[in-house]
Enquirer: 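Here you go, one structure.
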Number of protein chains: 2
Amino acid sequence: MNSPQERNGGFLPDQHDHGDCVAAALEDAIAVCGERGVRLTPVRRRVLEIIWQGHRPLGAYAILEVLSGEGHSPAPPTVYRALEFLLTQGLVHRLSSLNAFVGCSRPGHPGAGQFLLCTSCGTAAELNDPEIERAIERGAAAEGFVCRDHTVEISGLCPHCRGT
Amino acid sequence: MNSPQERNGGFLPDQHDHGDCVAAALEDAIAVCGERGVRLTPVRRRVLEIIWQGHRPLGAYAILEVLSGEGHSPAPPTVYRALEFLLTQGLVHRLSSLNAFVGCSRPGHPGAGQFLLCTSCGTAAELNDPEIERAIERGAAAEGFVCRDHTVEISGLCPHCRGT
DNA sequence: TACCGTAACATTATGATATTACAAAACAGT
DNA sequence: ACTGTTTTGTAATATCATAATGTTACGGTA
Ligand SMILES: [Zn+2]
Ligand SMILES: [Zn+2]
Ligand SMILES: [Zn+2]
Ligand SMILES: [Zn+2]
């Protein structure tokens with residue numbers, strides 16, 4: 001099984017077929033979990049789908065609310081556990097500047113990614129930019145610091161909102 | 001009045017004279033507030049001092065606890081208001097990956113800075129690295145995104161901890 | 001099938017962080 | 001001192017996340 005390719009990392013047109021995004025994300029998730037011998041259980045799968053309802057970060061309690069509207073009313077730990085699983089498998093990312101979660105555009109990839117967050121429409125785009133990573137690595141090394149992880153979240157205006 | 005210079009941005013030796021750091025930070029804060037015609041009131045000043053007790057980020061409730069041990073027992077809004085003031089004046093930074101606040105090494109400077117956070121000892125160092133900023137700007141521009149602000153928080157090991 | 005061990009999930013409660021709304025006090029300019 | 005503005009106090013509440021404990025579902029074994 002070949003690894004999933006980058007998908008939906010950038011900003012997409014408003015009228016793109018979002019069903020395809022969700023379907024591709026699920027397909028990738030099934031593949032990644034299959035390769036690793038971990039289980040994409042119904043709760044985990046449903047949480048991933050809910051996150052992929054849009055290209056915008058969703059808070060844990062917003063996910064809870066969606067689940068509550070489906071007969072099923074789990075408590076916070078259920079959602080957080082599913083999120084932790086998805087984070088561990090690299091299927092979603094956590095955005096600490098928003099306390100929210102977004103689907104990963106390159107499921108299972110190594111590295112933390114960088115995020116562009118539109119303050120106008122709430123849309124997020126994921127970068128995995130080697131130039132940024134290299135600059136960070138270099139800046140840290142100059143202070144004698146060894147990087148383990150990074151959070152890069154850039155807020156501003158997406159291409160759709162910058163014009164209006 | 002000349003603007004404060006960069007101070008204490010990097011990792012300092014364990015035995016540096018930290019009283020100097022605090023004194024310099026307060027001096028800079030007084031200068032910045034004086035130039036701008038805003039008031040560094042006793043609460044704001046004290047919160048800034050508490051944050052500068054060390055080179056490690058402090059949570060709002062940790063600050064509250066210190067204040068409580070001083071006869072004076074303010075409620076959360078008092079601390080959050082002081083923090084908001086200090087953030088606005090560029091005297092402290094908020095680290096969203098830690099939900100904590102740290103003194104700014106270049107009081108009043110423009111830009112968001114980048115932070116190195118040691119997971120072993122909790123120490124933070126601030127960078128204002130034009131290379132990182134340029135890389136981010138370029139990566140964002142390639143997606144048609146206009147940057148307004150950024151959060152760059154790098155976790156890993158500081159020079160003191162990497163050896164042990 | 002019955003058994004066991006592990007992984008996943010449910011439930012309750014609580015911890016940690018942050019904000020709203022309104023009242024009182026301190027301050028600055030007159 | 002009078003007045004409008006800024007700052008602080010206080011109580012309640014919202015929001016985000018985890019601890020602690022017990023139960024259920026699943027997969028392997030005999
Ligand atoms: Zn990703
Ligand atoms: Zn937008
Ligand atoms: Zn700074
Ligand atoms: Zn350290």
Side-chain angles (χ1 to χ4, degrees), chain A residues 29-30 32-34 36-51 56-68 70-89 91-102 117 122 151 153, chain B residues 29-30 33-34 36-51 56-89 91-102 117 122 151 153:
Chain A
I30 290 167
V32 165
C33 292
R36 299 183 184 173
V38 296
R39 291 194 287 162
L40 188 64
T41 63
V43 182
R44 292 167 177 175
R45 180 191 158 116
R46 186 69 193 114
V47 168
L48 182 61
E49 275 176 355
I50 290 168
I51 288 174
R56 69 190 53 190
L58 220 51
Y61 280 74
I63 295 167
L64 249 170
E65 209 171 328
V66 174
L67 289 170
S68 297
E70 296 177 353
H72 194 248
S73 277
T78 298
V79 171
Y80 279 101
R81 272 190 303 250
L83 289 168
E84 190 185 7
F85 172 87
L86 297 170
L87 285 168
T88 300
Q89 303 306 324
L91 300 173
V92 304
H93 292 285
R94 179 172 194 281
L95 301 173
S96 52
S97 66
L98 301 175
N99 291 331
F101 302 82
V102 70
L117 310 175
T151 297
E153 297 168 22
Chain B
I30 290 168
C33 292
R36 300 184 183 172
V38 296
R39 291 192 286 164
L40 187 66
T41 64
V43 184
R44 292 167 178 176
R45 180 192 158 115
R46 186 69 194 113
V47 168
L48 183 60
E49 275 176 354
I50 291 168
I51 288 174
R56 69 191 56 189
L58 221 50
Y61 281 75
I63 295 167
L64 249 170
E65 207 170 331
V66 174
L67 288 170
S68 296
E70 295 176 353
H72 193 249
S73 278
T78 298
V79 170
Y80 280 101
R81 277 191 296 244
L83 289 168
E84 189 185 8
F85 172 87
L86 296 170
L87 285 168
T88 300
Q89 302 306 325
L91 300 173
V92 303
H93 293 283
R94 180 172 194 282
L95 301 174
S96 53
S97 66
L98 300 176
N99 291 331
F101 302 83
V102 70
L117 310 176
T151 297
E153 298 169 21

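Just so you know, these numbers use all the heavy atoms, side chains as well, and skip hydrogens, waters and symmetry mates. The chains referred to below are lettered A, B, ... by the order of the sequence lines, with proteins before strands, and numbering in each begins at 1.
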Enquirer: When the distance from CZ of A:Arg44 to P of C:dA7 is rounded to whole Å, what number comes out?
Expert: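 Result: 11 Å.
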
Enquirer: Under 3.5 Å, which donor-acceptor pairs do the side chains of residues 57-77 of chain B form with other protein atoms, sequence neighbours left out?
Expert:
| unit_1 | atom_1 | unit_2 | atom_2 | d |
| --- | --- | --- | --- | --- |
| B:Ser68 | OG | B:Leu64 | O | 2.9 |
| B:Glu70 | OE1 | B:Arg46 | NE | 3.3 |
| B:Glu70 | OE2 | B:Arg46 | NE | 3.2 |
| B:Glu70 | OE2 | B:Arg46 | NH2 | 2.5 |

Enquirer: Which pair of heavy atoms, one from A:Thr88 and one from A:Arg36, lies closest together, and at what distance?
Expert: O-NH1, 4.3 Å

Enquirer: Which atom pair, heavy atoms only, marks the closest approach of A:Leu91 to A:Leu48?
Expert: O-CD1, 4.0 Å

Enquirer: So which heavy atom on B:Glu153 is nearest to which on B:Ser96, and how close?
Expert: OE2-N, 3.0 Å

Enquirer: Could you list the protein-to-nucleotides 27-30 of chain C atom pairs, N/O on both sides, closer than 3.5 Å?
Expert:
| unit_1 | atom_1 | unit_2 | atom_2 | d |
| --- | --- | --- | --- | --- |
| C:dC27 | O3' | B:Arg39 | NH1 | 3.1 |

Enquirer: Looking at every heavy atom in both A:Phe85 and A:Arg39, which two are closest together, and how far apart are they?
Expert: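 For A:Phe85 and A:Arg39, the tightest heavy-atom pair comes out as CZ-O, 3.4 Å.
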
Enquirer: Nearest whole angstrom, please: distance from the C1' of C:dA21 to the OH of B:Tyr80.
Expert: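 It is 18 Å, rounded to the nearest whole Å.
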
Enquirer: Of the non-hydrogen atoms in A:Leu83 and A:Val92, which two are nearest, and what is the gap between them?
Expert: O-CG2, 4.3 Å

Enquirer: Rounded to whole angstrom units, what separation is found between the CZ atom of A:Phe85 and the C1' atom of C:dT6?
Expert: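 Rounded to whole Å, this separation is 16 Å.
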
Enquirer: Quick one: pull up CZ in A:Arg44 and CD in A:Glu49 and give me the separation to the nearest 0.5 Å.
Expert: 15.0 Å

Enquirer: Taking all atoms of both residues into account, what is the closest heavy-atom pair of B:Ile51 and B:Val102, and its distance?
Expert: CG2-C, 3.7 Å

Enquirer: In whole angstroms, how far is the C1' atom of D:dA14 from the CG atom of A:Leu64?
Expert: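 Result: 15 Å.
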
Enquirer: Between B:Glu65 (CD) and C:dG15 (P), how many Å, whole number?
Expert: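 Checked: the CD to P distance equals 14 Å.
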
Enquirer: Rounding to an integer number of Å, can you tell me how far A:Leu67 CG sits from C:dC9 C1'?
Expert: 13 Å

Enquirer: To the nearest Å, how far apart are A:Leu83 CG and C:dC9 P?
Expert: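 To the nearest whole Å, that distance equals 12 Å.
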
Enquirer: Would you please confirm or rule out a distance under 4.0 Å between OP1 or OP2 of D:dG9 and any side-chain N or O of B:His72?
Expert: yes

Enquirer: Between the protein and nucleotides 11-14 of chain C, are there any N/O to N/O pairs under 3.5 Å, and if so, what are the atom names and distances?
Expert:
none

Enquirer: Quickly work out the B:Arg45 CZ to D:dT7 P distance and round it to whole Å.
Expert: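 Checked: the CZ to P distance equals 17 Å.
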
